[in-house]
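These notes are about the structure you will find just below.
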Amino acid sequence: MAESVVYGVATRLGNLLEQEAKFLYGVSDQVQQLQTELKRIQCLLKEADARQHESEIVMQGVAEMRDLAYDAEDIIATYALKVASNKGGGVQKALKRFTCILGEGITVHQVGSKIADIMTKLSNLRKSFEENGIRESIMQGRGPSSLNETQREQRETYPHPERIVVGLEDDTNKLVAFLLKEEGVASICGMGGLGKTTLAKMVYNHHQVKRHFDRRAWVYISQQFQRRRVWEDILISLLSPSKDQRDDIRTLNNAMLVEKIRLVQQEQTCLVILDDIWKIEDWNILREVFPMENTDSKILLSSRNKNLALYVDPRGLHELQCLNNEKSWELLEKIAISWRSGKILFFLEKLI
């Protein structure tokens with residue numbers, strides 16, 4: 001749905017402004033204005049999505065809105081990448097939505113012009129929606145919790161291995177060695193899009209990890225942290241219970257739930273991976289379910305927040321680096337080969 005796409009893009013732009021503002025030099029104000037406009041548009045899109053079959057104009061507008069949201073994210077993320085690569089001596093990285101190797105530089109003026117063009121188109125589409133009877137007041141019944149749940153569902157990760165991976169072998173081996181031989185909590189940190197979740201999946205599925213740990217759990221945290229949900233997810237992931245047993249877990253009070261999570265980690269050798277944790281406060285809430293003494297169980301977390309990783313355990317910090325040019329091209333080639341001809345054409349158009 002276009003509504004969830006626009007919400008996701010607006011949220012990710014907000015994250016970029018908060019986490020990587022230094023890489024938006026010269027355009028941060030315009031990015032902020034664009035995020036605000038996307039949020040205003042979002043207030044119209046629930047109704048527009050539902051009514052697009054009634055009008056060709058509305059249907060076309062919904063499709064254009066979705067494309068504009070993606071275009072906005074691509075332009076801004078590409079600019080942030082270029083600034084980051086210049087600061088890092090020309091090192092490139094893979095973006096979340098698509099991998100690209102930048103050729104000629106993108107100037108502040110060019111990016112500003114593109115953002116202004118998208119803003120104009122967004123404004124015109126919003127007016128078109130309003131002219132067709134679609135009003136912002138329609139969205140009043142939808143609260144922030146519903147929107148947060150939409151974002152969480154969009155971004156939720158799972159431990160199945162990625163098909164295409166380049167340049168993470170050494171990182172994987174270092175983390176596996178730490179988890180098997182060293183004391184403390186391991187963490188993967190780095191800016192968005194570097195491959196933190198991909199690396200965590202490689203560790204989770206590594207043959208030595210599977211052999212060493214009796215039980216493994218993969219739990220997605222996110223900015224929409226909910227203590228009770230995460231606790232339940234940890235225990236369910238560790239035990240792989242039947243449906244009836246899952247229902248029983250959900251009826252436990254907090255004290256009993258925490259005790260059961262701690263007990264299984266003390267009685268067996270467990271690995272718990274906490275993917276995409278954002279705040280120190282969230283870790284402080286979660287830490288009580290992890291016995292730090294008299295256990296061989298281990299924890300691996302991924303986060304954009306280096307301060308969080310240092311706070312949890314500086315001994316286990318693993319800071320992920322950008323791919324170099326050679327590895328970036330290798331990744332590009334593997335992705336291009338794996339796609340069908342139509343998708344390859346779309347990808348090449350993105351690079352032009």
Side-chain angles (χ1 to χ4, degrees), residues 19 88 91 93-94 96 99 155-222 230 233-234 237-238 264-265 268-280 282-283 286-287 289-293 295-324 326-328 330-331 334:
Q19 300 289 329
V91 176
K93 77 177 185 66
K96 283 184 176 179
T99 303
R155 301 184 63 179
E156 186 162 5
T157 62
Y158 302 93
H160 59 272
E162 301 287 352
R163 290 190 306 109
I164 301 173
V165 179
V166 171
L168 295 179
E169 294 81 6
D170 289 344
D171 300 278
T172 302
N173 292 333
K174 289 177 182 177
L175 283 166
V176 170
F178 181 90
L179 291 170
L180 270 54
K181 300 176 181 178
E182 305 294 336
E183 296 293 329
V185 177
S187 59
I188 306 167
C189 76
M191 65 187 293
L194 283 182
K196 297 182 297 296
T197 296
T198 298
L199 177 56
K201 290 179 181 182
M202 293 179 69
V203 173
Y204 181 93
N205 291 289
H206 195 277
H207 66 278
Q208 287 183 286
V209 168
K210 290 181 178 180
R211 186 167 60 244
H212 180 83
F213 293 99
D214 302 317
R215 296 183 181 275
R216 295 168 296 148
W218 178 281
V219 182
Y220 176 65
I221 308 300
S222 83
V230 172
D233 286 348
I234 291 173
S237 188
L238 285 173
V264 68
Q265 293 176 91
Q268 301 186 62
T269 303
C270 303
L271 171 64
V272 178
I273 294 182
L274 305 175
D275 187 43
D276 196 27
I277 183 169
W278 284 72
K279 301 175 184 176
I280 291 175
D282 295 345
W283 166 254
L286 286 177
R287 65 187 302 172
V289 304
F290 300 115
M292 297 299 180
E293 298 177 353
T295 180
D296 293 323
S297 295
K298 293 293 180 65
I299 306 161
L300 170 64
L301 58 87
S302 72
S303 178
R304 298 185 183 195
N305 188 346
K306 184 177 179 180
N307 290 332
L308 165 65
L310 290 171
Y311 174 83
V312 173
D313 193 338
R315 297 171 297 174
L317 172 63
H318 185 88
E319 195 164 4
L320 200 55
Q321 303 299 316
C322 297
L323 295 177
N324 60 30
E326 181 181 354
K327 291 296 184 181
S328 296
E330 182 182 346
L331 180 59
K334 287 188 174 184

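Values below: all heavy atoms of this structure, side chains included; hydrogens, waters and symmetry mates excluded. Since this is a predicted model, take the numbers as computed values, not measurements. All residue numbers refer to positions in the sequence shown, counting from 1.
The CG atom of Asp275 lies 8.0 Å from the CD1 atom of Ile273; values are rounded to the nearest 0.5 Å. Interatomic distance, Cys189 SG to Leu308 CG, rounded to the nearest 0.5 Å: 9.0 Å. For the atom pair CG (Leu300) and NE2 (His318), the distance works out to 10.0 Å, reported to the nearest 0.5 Å. Rounding to the nearest 0.5 angstrom, the gap separating the CD1 atom in Ile234 from the SG atom in Cys270 is 11.0 Å. Taken from OH in Tyr204 to OG1 in Thr172, the straight-line distance is 15.5 Å, to the nearest 0.5 Å. Atom-to-atom distance recorded for Asp296:CG and Thr269:OG1 is 5.0 Å, nearest 0.5 angstrom.
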Point to revise | Derivation of the side-chain contact (heavy atoms from CB on, under 4.5 Å) call for Met292 and Val185 | key: CA-CA 9 Å; Met292 297 299 180; Val185 177; 4.3 Å; yes

Practice item. In sequence, state the C-alpha distance, the side-chain angles, and the governing distance for Asp276 and Thr197, and then conclude on side-chain contact (heavy atoms from CB on, under 4.5 Å). Key: CA-CA 8 Å; Asp276 196 27; Thr197 296; 5.5 Å; no

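A heavy-atom distance below 4.5 Å is not found between the side chains of Asn305 and Trp283. Here the side chains of Lys210 and Arg216 are in contact, with some heavy-atom distance below 4.5 Å. For the pair Asn173 and His206, the minimum side-chain heavy-atom distance is below 4.5 Å. Between Val203 and Phe178, the closest side-chain pair of non-hydrogen atoms is not below 4.5 Å. Counting only heavy atoms from C-beta outward, the side chains of Ile221 and Leu286 approach each other to under 4.5 Å. Two residues are said to be in side-chain contact when any heavy atoms from C-beta on lie closer than 4.5 Å; Leu274 and Phe290 meet this criterion. Side-chain atoms of Leu168 and Leu320, non-hydrogen and from C-beta on, do get closer than 4.5 Å to each other. By the 4.5 Å heavy-atom criterion applied to side chains, Leu317 and Lys306 are counted as neighbours.
Within the 3.5 Å criterion, the main-chain N or O of Ile277 finds a donor-acceptor partner in the side chain of Ser303. At distances below 3.5 Å, at least one donor-acceptor pair connects side-chain atoms of Lys298 with backbone N or O atoms of Leu179. A donor-acceptor pair is defined here as one N or O able to donate and one able to accept, closer than 3.5 Å; such a pair exists between the side chain of Ser237 and the backbone of Trp218.
The minimum heavy-atom distance between Lys201 and His160, with the atom names listed, is CD-O, 3.1 Å. For the residue pair Ser297 and Gln265, the shortest heavy atom distance occurs at OG-O, 2.7 Å. The heavy-atom pair separating Leu175 from Ala186 by the smallest distance is CD2-CB, 4.3 Å. Closest approach of Arg315 to Gly184, counting heavy atoms only: NH2-CA, 3.4 Å.
With respect to Leu238, the side chain to side chain contact (heavy atoms under 4.5 Å, CB included) criterion is satisfied by exactly one of Asp233, Leu271, Val264: Val264.
The environment of CD in Glu319 is crowded: more than 12 heavy-atom neighbours from other residues, nucleotides or ligands sit within 6.0 Å. For Glu183, the CD atom sits in a loose shell: 12 or fewer heavy atoms of surrounding residues, nucleotides or ligands are nearer than 6.0 Å.
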